[in-house]
Amino acid sequence: METWAPMSIENSNLRVRFAPSPTGALHIGGARTALYNWLAARHGEGTFVLRIEDTDLERSTPENVAQILDALRWLELDWDEGPYSQVGRAEEHAAALQKLLDSGAAYRDSATADDVKAWKAEHGADRGYRGTPSADGSGAIRLRVPDEGDTVVDDLIRGEVRFPNRSYDDFVIARGDGSVLYNFAVAVDDADMGITEVIRGDDHLSNTPKQLLVFEALGIEPPRYGHVPLLHGPDGKKLSKRHGAASVQELRDAGYLPAAIRNYVALLGWGPGDDETLLSTDELVARFRPEDVGTSSAVFDEKKLRWMNGRYMREMPIDEYTEAVRVFVEAETAGRPLNEERFSFGCEIVQEKAQTLQEVWPLIRFLFEPPVQDEKAWRKVMKGDAARALTEVEAALIELPDGGEGPNGDGFTIDSVQSAVEPLPEKLGLGPGKVFQPIRVAITGTTISPGIFESVAALGREETLARIESASSRLRDAVETDSE
RNA sequence: GGCCCCGUGGUGUAACGGUUAGCACGCCAGGUUUUCAACCUGGAAGCGCGGGUUCGACUCCCGCCGGGGCUACCA
């Protein structure tokens with residue numbers, strides 16, 4: 001028994017392709033396949049070709065094509081050639097088809113699906129259908145498949161996989177009207193486009209012998225294949241549009257960064273070999289080799305993506321990060337202009353906290369809108385010494401000199417606010433939470449916010465004092481009501 | 001049913017004949033502490049099962065079980 005040694009494609013001048021079928025949005029699994037191809041190409045002097053497998057006229061739509069291209073661009077997976085449309089290559093397909101018909105490698109067969117079923121019932125389940133050329137030249141076009149021998153896929157990732165020819169049908173390569181089918185079109189296109197390595201999902205492994213058979217019939221040297229394991233949903237089932245299969249646009253809308261997605265998705269089935277987890281795209285390009293991709297299916301785990309995304313957000317240059325957040329904020333504010341100083345300051349003070357871009361706005365919206373009404377938070381915090389604490393806080397804050405510094409140009413900076421407020425708990429003989437939480441609820445309406453000094457500095461003198469006064473007032477009213 | 005692929009903690013992975021089975025996310029506990037998050041420390045948690053081969057198997061072989069893919073005049 002020989003051991004199969006993977007041949008490195010390290011420095012070869014390869015041509016790879018990503019060939020999605022536009023029957024839906026690009027989801028995380030497709031994105032990973034695209035990424036692997038892209039990485040393989042960028043790793044060397046390779047060429048990344050994009051081809052749209054749109055021969056299924058029933059389900060392919062221009063909208064889906066646009067969405068897929070949009071997703072790839074957003075992920076920054078740029079292609080060097082294409083996008084080619086498979087249906088746009090009808091002439092080439094027809095020529096190849098005619099060649100096979102002429103050579104006798106393919107033939108017209110008038111058998112219907114029912115005929116084939118009946119034939120199989122008679123010949124056994126492990127026996128592929130073998131037809132006979134129709135006398136009148138009608139019917140679908142089938143490829144002749146030999147009964148003997150195996151078709152061997154020398155897979156980059158899995159090694160040799162043998163498929164007995166007799167288990168394959170003389171499969172249909174073109175409909176009666178001459179329109180070609182997937183397994184034929186793919187082979188012709190990969191041949192014409194000079195594809196050297198086909199990196200694609202595991203679901204195609206069983207199709208590969210068919211495509212190899214087409215190459216053989218055409219007398220063309222086939223590319224090398226590498227089948228990456230499928231991604232499964234949390235339920236262990238194949239990832240699809242139905243369940244858990246986050247589309248790329250959904251991930252974008254959820255506030256994930258392209259770089260984080262690339263990093264995370266690359267690690268689904270592939271590892272750099274050491275214990276590194278955070279890998280920049282440059283590092284991925286440098287270290288990725290398709291032959292190192294694993295063989296078992298993986299499950300998409302959004303928790304880890306979130307963590308990783310948070311890491312990327314914290315490492316982003318502040319300006320870049322702020323601009324990335326802006327898109328999400330605009331979606332929330334419907335174009336209402338925001339105070340720029342406050343906005344960028346707000347972004348800055350939550351950069352360490354948020355794990356997705358989407359999480360930023362909820363944390364800073366109090367800077368642009370009245371406090372939210374969170375009665376539960378109010379009841380929990382605004383009791384006991386809260387009123388006394390707020391009175392002291394207000395007094396301390398009023399004393400702060402207005403030197404013009406700070407995000408609002410009113411003397412409120414993180415440092416100045418801190419110097420004014422931090423000593424209060426001790427002075428009042430209260431725990432820090434007894435002082436700071438009431439401030440938080442007073443200015444934001446809830447118990448979740450950025451750091452309290454940061455929040456007050458961001459809100460600024462006028463608005464902070466107004467909100468504290470408003471809260472104090474409500475507390476006084478409550479006391480009067482109680483004493484009645 | 002047939003053909004094929006896969007099987008290390010909840011998840012992603014490392015080790016590939018000899019390690020206390022490593023790392024990361026998550027989880028739990030503690031720390032920091034003004035909330036949440038982040039951050040720090042610690043912890044629980046794994047080689048699907050059964051046979052072989054071997055002085056020795058997560059690692060090699062076989063069977064079983066489990067999961068998945070394909071089996072269209074879909075891609």
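Since the model is a prediction, treat every value here as computed from it, not as a measurement. Values reported hereafter were calculated over all heavy atoms of this structure, with side chains retained and with hydrogens, waters and symmetry mates removed. Just so it is clear: chains get the letters A, B, ... in the order the sequence lines come, proteins before strands, and each one is counted from 1.
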Atom [atom1], compared across [N] and [M]: separation rounded to whole Å:
N: B:G66; M: B:C61; atom1: P; answer: 22 Å
N: B:G22; M: B:U54; atom1: C1'; answer: 26 Å
N: B:G67; M: B:C55; atom1: P; answer: 38 Å
N: B:G68; M: B:G48; atom1: C1'; answer: 16 Å
N: B:C6; M: B:U59; atom1: P; answer: 15 Å
N: B:C25; M: B:C70; atom1: P; answer: 34 Å
N: B:C39; M: B:C5; atom1: P; answer: 42 Å
N: B:C23; M: B:A44; atom1: P; answer: 12 Å

Which part of the nucleic acid, if any, lies within reach of [X] when heavy atoms closer than 4.0 Å are counted: base, sugar-phosphate only, or nothing?
X: A:H227; answer: nothing
X: A:T55; answer: sugar-phosphate
X: A:Y168; answer: nothing
X: A:S449; answer: base
X: A:P209; answer: nothing

Study note, to complete from the structure: Walking RNA chain B from its 5' end, the first of A:E454 and A:T112 to be reached, judged by nearest nucleotide, is A:E454
**Study point:** Toward the 5' end of RNA chain B, by each residue's nearest nucleotide, A:Q418 or A:R32
**Key:** A:R32
Anything under 3.5 Å between a protein N or O and an N or O of nucleotides 5-8 of chain B, put it in a table, one pair a line.
residue	atom	partner	partner atom	Å
B:C5	O3'	A:R158	NH1	3.4
B:C5	O2'	A:R158	NH1	2.5

Review point. Got a donor-acceptor contact below 3.5 angstrom from the A:D170 side chain to the A:V145 backbone?
Key: yes
With the side chain of [X] defined as its heavy atoms from C-beta on, choose the nearest nucleotide among [options].
X: A:H204; options: B:U35, B:A75, B:C73; result: B:A75
X: A:A125; options: B:G1, B:G68, B:C74; result: B:G1
X: A:R175; options: B:U35, B:C74, B:A72; result: B:C74
X: A:S206; options: B:A37, B:C74, B:G69; result: B:G69
X: A:L230; options: B:G68, B:U35, B:C25; result: B:G68

Check your understanding: Quick check: are there more than 12 heavy atoms from other residues, nucleotides or ligands sitting under 6.0 Å from CD of A:Q418?
Key -> yes
Exercise for review: Evaluate whether atom CD of A:E148 has more than 12 neighbouring non-hydrogen atoms of other residues, nucleotides or ligands under 6.0 angstrom away.
Suggested key: no
Practice item. Have a look at A:D169 and tell me which of A:R130, A:K120, A:K117 forms a salt bridge (charged side-chain N to carboxylate O under 4.0 Å, His left out) with it. Key: A:K120
Go through [range] and report each residue with a non-hydrogen atom lying under 4.0 Å from RNA chain B, sorted by number.
range: residues 356-365 of chain A; answer: none
range: residues 428-441 of chain A; answer: A:P432, A:G433, A:F436, A:Q437, A:R440
range: residues 264-276 of chain A; answer: A:L267, A:L268, A:G269, A:D275

Kindly write out the residues that satisfy ring-ring contact (aromatic ring centres under 6.0 Å, His included) with [X], not counting sequence neighbours, or none if the list is empty.
X: A:W378; value: none
X: A:Y84; value: none
X: A:F18; value: none
X: A:Y129; value: A:W119

Review point. Between A:F300 and A:Y264, is the gap from one ring center to the other below 6.0 Å?
Key: yes
Revision key, fill the gap. CD of A:E197 to CG of A:L156, rounded to nearest 0.5 Å, is 5.5 Å
Check your understanding: So what is the 5' to 3' dot-bracket string for RNA chain B, if pairs are Watson-Crick or G-U wobble with both distances under 3.5 Å, crossing pairs use [ ] and | means the partner sits on another strand?
Key -> (((((((..((((....[...)))).(((((.......)))))....(((((..]....))))))))))))....
Point to revise | Side-chain H-bond candidate by donor/acceptor type, A:T356 with A:N309, under 3.5 Å | key: no
Review point. side-chain contact (heavy atoms from CB on, under 4.5 Å) with A:E315: which residues, sequence neighbours excluded?
Key: A:R311
Practice item. Quick one: sort the A:Y36 and A:F288 rings into parallel, tilted or perpendicular, breaks at 30° and 60°. Key: parallel
Distances for protein N/O vs nucleotides 39-47 of chain B N/O pairs under 3.5 angstrom?
residue	atom	partner	partner atom	Å
B:C39	OP1	A:R314	NH1	3.4

**Study point:** Distance-only donor-acceptor test, A:K353 side-chain atoms vs B:A38 base atoms, 3.5 Å
**Key:** no
Review point. Got a donor-acceptor pair under 3.5 Å from the side chain of A:K303 to the base of B:C25?
Key: no
Exercise for review: Starting from the C-alpha separation in whole Å, work towards a yes-or-no answer on salt bridge (charged side-chain N to carboxylate O under 4.0 Å, His left out) for A:R365 and A:E332.
Suggested key: CA-CA 10 Å; A:R365 66 184 302 162; A:E332 295 287 342; 5.1 Å; no
Pair [X] + [Y], salt bridge at N-O below 4.0 Å:
X: A:D192; Y: A:R89; answer: yes
X: A:D109; Y: A:R142; answer: yes
X: A:D190; Y: A:R51; answer: yes
X: A:D136; Y: A:R108; answer: no

Check your understanding: Passes side chain to side chain contact (heavy atoms under 4.5 Å, CB included), A:L465 versus A:E394? Steps please.
Key -> CA-CA 6 Å; A:L465 293 176; A:E394 190 174 357; 4.0 Å; yes
Point to revise | Value in whole Å for how far the P atom of B:U34 lies from CD of A:E426 | key: 12 Å
Review point. Tell me: CH2 of A:W119 to P of B:G2, nearest whole Å?
Key: 17 Å
For residues 205-215 of chain A, which side-chain N or O atoms pair as donor and acceptor with protein atoms under 3.5 Å away, sequence neighbours left out?
residue	atom	partner	partner atom	Å
A:T208	OG1	A:R200	NH1	3.1
A:T208	OG1	A:H204	O	2.9
A:T208	OG1	A:L205	O	3.4
A:T208	OG1	A:H227	NE2	3.0
A:Q211	OE1	A:N183	ND2	2.9
A:Q211	OE1	A:R200	NH2	3.2

Practice item. I would like to know whether A:R287 and A:D274 meet salt bridge (charged side-chain N to carboxylate O under 4.0 Å, His left out); could you show each step before the answer? Key: CA-CA 11 Å; A:R287 305 181 68 168; A:D274 53 26; 2.8 Å; yes
Practice item. Compare side-chain N and O positions of A:K120 against OP1 and OP2 of B:A72 and report whether any pair is under 4.0 Å apart. Key: yes
